[in-house]
Amino acid sequence: MSWLPLSFGAPMVLWGLLALPVIWWLLRLTPPKPRTEVFPPLKILARVLKREETPQQSPWWLTLLRLLMAALIVAALAEPVFNPRERLAAEGAALALVIDNDWASAADWNKRVATAERLIDDAGSNGVPVIIAFTAEKPNAEIGPFDAASALNRLRAAKPRPIPTDRPAVYARVAGVLETVPGASVAVLADGLAAKGDEAAFNTLLSKNAARVVWATADRLSLTGLAAADNQVDGFALTAIRAPGDPAPGQVTAGAFDDKGRRIADATLTFAPGEATATGTMTVPFELRNDFASIALDGERHAGAVRVLDENSKRRRVGLLSQAEADQAQPLLSPLYYIRRALQPFADLVEPSSADLADAIPQILDQKPAMIIMADIGTIPEQVRPRLVDWVEKGGTLVRFAGSRLAAAGNDDDLLPVRLRTGERSLGGALSWTSPQPVTEFPKAGPFADLAPPTEVTVSRQVLAEPTPDIVERTWAALADGTPLVTGLKKGKGTLVLFHITPEATWSNLPISGSFVEMLRRIVQLSRNQGAAIANAEAAATSLAPYRMIAADGSLVPPTPDARPLVPGAGTLPVTFENPPGLYGSETGVFAHNLLDAASTLAPLARPQITVPVTTIQYAFDESRNLKGGLVAAALILMLLDTLAVLWMGGLFSRRPRRAGAVATTAAILIALGALFGHADLARADDAKPGDEVAIEAISKTRIAYVLTGVPGVDSISRAGLEGLTRFLIEKTALEPGEPAGVDISKDELSFYPLIYWPIDPSASMPSQAAIARIDAYMQQGGTVLFDTRDQFANGIGADSTSPATERLRDILGSLNVPPLEPVPSDHVLTKSFFILPEFPGRFAGSPLWVETSLDASNADNRPVRTGDGVSPIMITANDFAGAWAVDENGDPLLPTVPADPMQRIYALRAGVNIMMYMLTGNYKSDQVHVPILLERLGQ
């Protein structure tokens, strides 16, 4: 029986409430126990005139108390339940429970488990067996029937998988079991995501003795997936997808992480109203893009929101060199025209400004390319030759194309993979045939092994390689007559490659074919990992072991025991139970196997046409509450109150001397109350206030504070950065600071900290005026705030700056009493407070450190440090100090510096030491006693 949110398991007991009037009548007729008095011989005389009265019936309030107690007992016996849930009426001999446990179910898996538990409990109470199957498990997983207890154990042991569902196969197995059951209730707990073959799968499942269907889905398909991440010329282009038809706009943030899990870039992707696709670009420096190991969407806890990256997603700089001048009238005849067209989509091309090889080659090498392509370049100038050879031996890839200049230059054992035939060079370096030669199958030991030989490509001229015993091993592509077309050789850590034809379509039509693009792409991939496992055909033809897997919640985890090696091949590889998404390979090279691709969509699952009765439920936790225990407890409390009232009316608590029995009765009541409320904590006196402990801890050691912005990534970097600075201070100075403290400027006490680091993030909420006023008071009372916009790469803090972080800083400073500012002068005490520093770099370099202008400072007699410096209440930088200071638990840096200079991090830490010493000692270093030492250190 159910009344709105309240139901009763035994409603017939409520008829007992009809007895309340009878109880009332009995209580009204029953007088309370007469009051007893101890006989005092003298006091009876004093009260002889007072009339003694004894009531004839119980007081109204005592009667009401007892009636309420009786009503509570009757209600408790009726087993009331608040927010009752509908129970599943099993109309057959079994319950078939089919659950989607794929990647789309990971975000609310606990709700799905709670829903399934209720269904199994109901089936157990009805005494029917349970068939339980998961659509993302092994094909041969046992599905029952089981009893309710066994089914619950299997449900609680299950977990979401980072793979798609296989509804056709699983539903067919369940349908096979249902054929042996005369009628069953089928519960479908779907993930809400449509998949291929759904219609046939549901028809198979529901056509086998299904007497009733329970359909469970989420309220709406709210998944957002990352379908593509393409490293382009200007940045990483990202594509996110969601369910179509959503009328509301949406916005997601994507973060890029390196191989150690450190966040190094962000991008925002915006969905227009009704659009299912959003795009965005991570515009970050070329060097940082190549450090990307994975990209994930914030707030999306599933495998579809993560993409792992391999060498195919990393761009490399490719230098282009040619001695032939480009013909503007006929660009197709330019030696580099087809090379540029082939490499532009997946490489950053750099070319020298000078045609002189003596200047061009150093210009290219200064750009630190991964690969250099030389189009018909013969002799390398001797003054640059050693540097080019050293570049190859240290890991560079040199690709050379033949031509008349190369044929005339002769052999070069250091910069050519094979020796060229001298005899043919005397004829111009080319061999003419009566008919052009086609390209044969690519050798299995070369990087082109997985490419189909281009049937339309022919070669009419080429330079020939000198036959040697190892010529076959060095041949990457050959013609039908067996002569090499492309040769390659490992040189130290680098690679030498030679195309025995010209890069323009004069000796062969290979440069104008699609195979030319693929061949250059393979060589670029080889240059990225210098012969890693998947860059050569040997590994590509075999299997790659699981290395790092994407879990259902989107985290990267070690391989599971069920994961099997992956065999790369042409086309898109399916994500299966044995080949889940993740990285395959080893530390030397990996292959990225992602769940979603550019063609993926997130279509909502439509409920099939069902002819049997259907009950639709939502995923939810069990919110029903049994009120029986609470009502019984309330009745016991009223019983105790009734007992106390009776004792009081009997004179037990009067001021007269008590008997031993009364004392014992009172003690028994107190013990009973203690037993009833024993779970409650006893109040103890504590003279210390809660804030005192925080204050004592804050002032016991010098601690550096940072502002809690509410952005998890920013706050974690701030804490890691101050921990790194603290370690450096302990190592290099006599100061031993305590742990860094995160402060909420709106409520925490700020006066405990000499310095507060405030990273400005435009995504953080704007501080209230009260919070800014507290910061202003802190600065006026001697504290210093170090503002860090962390946007030096975008722009500084000058008048022309327009970055969001700088605009937010301006909004904050607009409400503060900011003194006049200037970049730290060279003779400022801050430059010599501990280390002698000409500048203050952080993770970035170039932004000045702004401090209060020293209007009254003087520098008589050309002293190394000006006098009269006070402590600046404000400092501003854009160099990201915390990013440079940040370390992990092992003391290793979390974020790379830009540029990647190891000394820049050291200088950043020294800058932090100088700032702390300046905060603690003020203008102490400007005293006359330090001048001789400073002059000596400065070499003056």
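Computation of the quantities below employed the complete heavy-atom set of this structure, encompassing side-chain atoms and omitting hydrogens, waters and symmetry-equivalent molecules. Residue numbers start at 1 and run along the sequence shown.
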Chemist: Taking the ring centre of each residue, are Phe591 and Tyr584 less than 6.0 Å apart?
Modeler: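 No, ring centres 6.0 Å or more apart.
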Chemist: Apply side-chain contact (heavy atoms from CB on, under 4.5 Å) to Asn594 and Ile550, showing your working.
Modeler: CA-CA 9 Å; Asn594 287 298; Ile550 301 176; 4.2 Å; yes
Chemist: Verify whether the ring centers belonging to Phe236 and Phe292 lie closer than 6.0 Å.
Modeler: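 Yes, ring centres under 6.0 Å apart.
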Chemist: On a heavy-atom basis, which atom in Arg843 and which in Gln904 lie closest, and how many Å separate them?
Modeler: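 Answer, listing the atom of Arg843 first, then Gln904: O-NE2, 3.0 Å.
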Chemist: Can you measure from CG (Asp412) to CG (Leu416) and round to the nearest 0.5 angstrom?
Modeler: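 CG of Leu416 is found 5.0 Å from CG of Asp412.
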Chemist: Give me the atom names and distance for the closest heavy-atom approach of Pro352 to Leu320.
Modeler: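 Here Pro352 and Leu320 meet closest at CD-O, 3.3 Å.
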Chemist: I'd like to check Ile264 versus Pro896 (side-chain heavy atoms, cut-off strictly below 4.5 Å). Are they in contact?
Modeler: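 A side-chain contact under 4.5 Å exists here.
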Chemist: What residues, two or more places apart in sequence or in another chain, satisfy salt bridge (charged side-chain N to carboxylate O under 4.0 Å, His left out) together with Arg419?
Modeler: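 Expected list: Asp413.
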Chemist: Using atom types as modelled and distance alone, determine if a side-chain donor or acceptor of Asn579 lies under 3.5 Å from a backbone N or O of Arg564.
Modeler: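 Present.
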Chemist: Judged by atom type as modelled, is there a donor-acceptor pair below 3.5 Å linking the side chain of Trp391 to the main-chain atoms of Leu398?
Modeler: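 Judged by distance alone, no pair lies under 3.5 Å.
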Chemist: So, Ser354 side chain and Asp356 main chain: donor-acceptor pair closer than 3.5 Å or not?
Modeler: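 Checking the backbone N and O of Asp356 against the side chain of Ser354, a donor-acceptor pair under 3.5 Å is found.
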Chemist: Looking only at heavy atoms, what is the nearest atom pair of Asn509 and Thr458, with distance?
Modeler: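 Residues Asn509 and Thr458, closest heavy atoms: OD1-N, 2.8 Å.
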Chemist: Does any part of the side chain of Met519, heavy atoms only, come nearer than 4.5 Å to the side chain of Leu510, both counted from C-beta?
Modeler: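 In short, these two side chains touch, coming nearer than 4.5 Å.
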Chemist: Test Phe257 against Leu556 for side-chain contact (heavy atoms from CB on, under 4.5 Å), laying out the working first.
Modeler: CA-CA 11 Å; Phe257 303 85; Leu556 290 179; over 6 Å; no
Chemist: Is there side-chain contact between Pro484 and Ile471, with at least one heavy-atom pair below 4.5 Å?
Modeler: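 When only atoms from C-beta onward are counted, Ile471 and Pro484 do touch, with a gap below 4.5 Å.
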Chemist: Strictly distance-based, threshold 3.5 Å: is any side-chain N or O of Asp880 a donor or acceptor partner for the main-chain N or O of Phe844?
Modeler: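 No, Asp880 side chain to Phe844 backbone: no donor-acceptor pair under 3.5 Å.
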Chemist: Any non-hydrogen side-chain atom of Pro335 less than 4.5 Å from a side-chain atom of Pro503?
Modeler: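 Yes - at least one pair of side-chain heavy atoms lies under 4.5 Å apart.
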Chemist: Would you please classify the geometry between the Phe401 ring and the Phe499 ring as parallel, tilted or perpendicular, with 30° and 60° separating the classes?
Modeler: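 Ring orientation of Phe499 relative to Phe401: parallel.
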Chemist: Apply side-chain contact (heavy atoms from CB on, under 4.5 Å) to residues Thr502 and Arg461 and explain how you reach the verdict.
Modeler: CA-CA 9 Å; Thr502 57; Arg461 298 177 64 186; over 6 Å; no
Chemist: State the CD-CD1 distance between Glu275 and Ile241, to the nearest 0.5 angstrom.
Modeler: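 Going from CD on Glu275 over to CD1 on Ile241, the span is 13.5 Å.
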Chemist: Could you verify whether a donor N or O on one side chain and an acceptor N or O on the other, from Thr483 and Asp481, lie under 3.5 Å apart?
Modeler: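 A pair is found: one side chain offers a donor N or O, the other an acceptor, under 3.5 Å apart.
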Chemist: Quick one: closest heavy-atom pair of Ala402 and Val463, and the distance?
Modeler: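 So the two residues come closest at CB-CG2, 3.6 Å.
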Chemist: Nearest 0.5 Å, please: how far is OG1 in Thr279 from CG in Leu238?
Modeler: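 Between Leu238 CG and Thr279 OG1, I get 9.0 Å after rounding to 0.5 Å.
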Chemist: Can you confirm whether Asn231 sits close enough to Asn290 that some side-chain heavy atom of one is under 4.5 Å from a side-chain heavy atom of the other?
Modeler: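 Touching, per the 4.5 Å side-chain cut-off.
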Chemist: Show the nearest heavy-atom pair for residues Leu520 and Ala342, with the distance to one decimal.
Modeler: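 Smallest interatomic distance, heavy atoms only, reads CD1-CB, 3.8 Å.
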Chemist: Please identify each residue that fulfils salt bridge (charged side-chain N to carboxylate O under 4.0 Å, His left out) with Arg905, with sequence neighbours left out.
Modeler: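 In terms of salt bridge (charged side-chain N to carboxylate O under 4.0 Å, His left out), with neighbours along the sequence ignored, Arg905 is linked to no residue.
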Chemist: Are the side chain of Arg474 and the backbone of Pro417 linked by a donor-acceptor contact shorter than 3.5 Å?
Modeler: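 Pair found, side chain donor or acceptor close to backbone of Pro417.
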Chemist: Any donor-acceptor pair under 3.5 Å linking the side chain of Arg400 with the backbone of Gly378?
Modeler: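 Yes; at least one donor-acceptor contact below 3.5 Å.
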Chemist: Is it the case that the side chains of Glu456 and Ser513 hold a donor-acceptor pair, with the cut-off being a distance below 3.5 Å and no angle test?
Modeler: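 Short answer, no.
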Chemist: Please name all residues satisfying salt bridge (charged side-chain N to carboxylate O under 4.0 Å, His left out) with Asp414, sequence neighbours left out, ordered by chain then number.
Modeler: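 Scan of Asp414 (salt bridge (charged side-chain N to carboxylate O under 4.0 Å, His left out), adjacent residues dropped) gives Arg385, Lys491.
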Chemist: Could you check if a side-chain atom of Trp103 sits within less than 4.5 angstrom of a side-chain atom of Val575, using non-hydrogen atoms only?
Modeler: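 The answer is no; the side chains never approach within 4.5 Å.
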Chemist: Quick one: side chain to side chain donor-acceptor pair (under 3.5 Å) partners of Asp259, sequence neighbours excluded?
Modeler: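 Expected list: none.
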Chemist: Is the side chain of Asp376 donor-acceptor paired with the backbone N or O of Ser322 at a distance under 3.5 Å, no angle test?
Modeler: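 Judged by distance alone, no pair lies under 3.5 Å.
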Chemist: So, Thr281 side chain and Thr283 main chain: donor-acceptor pair closer than 3.5 Å or not?
Modeler: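 Pair absent, no side-chain N/O of Thr281 close to backbone of Thr283.
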Chemist: Salt bridge (charged side-chain N to carboxylate O under 4.0 Å, His left out) with Arg387: which residues, sequence neighbours excluded?
Modeler: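 Testing Arg387 for salt bridge (charged side-chain N to carboxylate O under 4.0 Å, His left out), a comparison that skips the adjacent residues, returns Asp366.
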Chemist: Would you please test Phe516 and Ile339 for side-chain contact (heavy atoms from CB on, under 4.5 Å) and show each step?
Modeler: CA-CA 9 Å; Phe516 185 69; Ile339 296 176; 4.2 Å; yes
Chemist: Do Arg307 side-chain atoms and Leu596 backbone N/O form a donor-acceptor pair below 3.5 Å?
Modeler: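 Between the backbone of Leu596 and the side chain of Arg307 there is a qualifying donor-acceptor contact (under 3.5 Å).
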Chemist: First locate atom CD1 of Ile372, then atom CD of Gln367, and finally report the distance between them rounded to the nearest 0.5 Å.
Modeler: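 So the CD1 of Ile372 and the CD of Gln367 are separated by 10.5 Å.
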Chemist: Please report the interatomic distance CG(Leu573) to CG(Leu566), rounded to the nearest 0.5 Å.
Modeler: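 If we round to the nearest 0.5 Å, Leu573:CG and Leu566:CG are 5.5 Å apart.
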Chemist: Which distance, rounded to the nearest 0.5 Å, do you find between the CG of Leu321 and the CD1 of Ile377?
Modeler: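 Leu321 CG to Ile377 CD1: 4.5 Å, rounded to 0.5 Å.
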Chemist: Would you please name every residue forming a side-chain contact (heavy atoms from CB on, under 4.5 Å) with Lys260, sequence neighbours left out?
Modeler: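 In terms of side-chain contact (heavy atoms from CB on, under 4.5 Å), with neighbours along the sequence ignored, Lys260 is linked to Asp258, Arg262.
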Chemist: Any idea which heavy atoms bring Ser353 and Gln363 closest together, and the distance?
Modeler: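 Smallest heavy-atom distance, with atoms named: N-OE1, 2.9 Å.
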Chemist: Contact between Val486 and Leu498 at the side-chain level, heavy atoms closer than 4.5 Å - yes or no?
Modeler: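 Contact flag for Val486/Leu498 side chains = no.
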Chemist: Any side-chain heavy atom of Pro162 sitting closer than 4.5 Å to one from Leu595?
Modeler: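 No - every pair of side-chain heavy atoms lies 4.5 Å or more apart.
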Chemist: Under the 3.5 angstrom rule, does the side chain of His593 hit a backbone N or O of Val308 as a donor-acceptor pair?
Modeler: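 Checking the backbone N and O of Val308 against the side chain of His593, no donor-acceptor pair under 3.5 Å is found.
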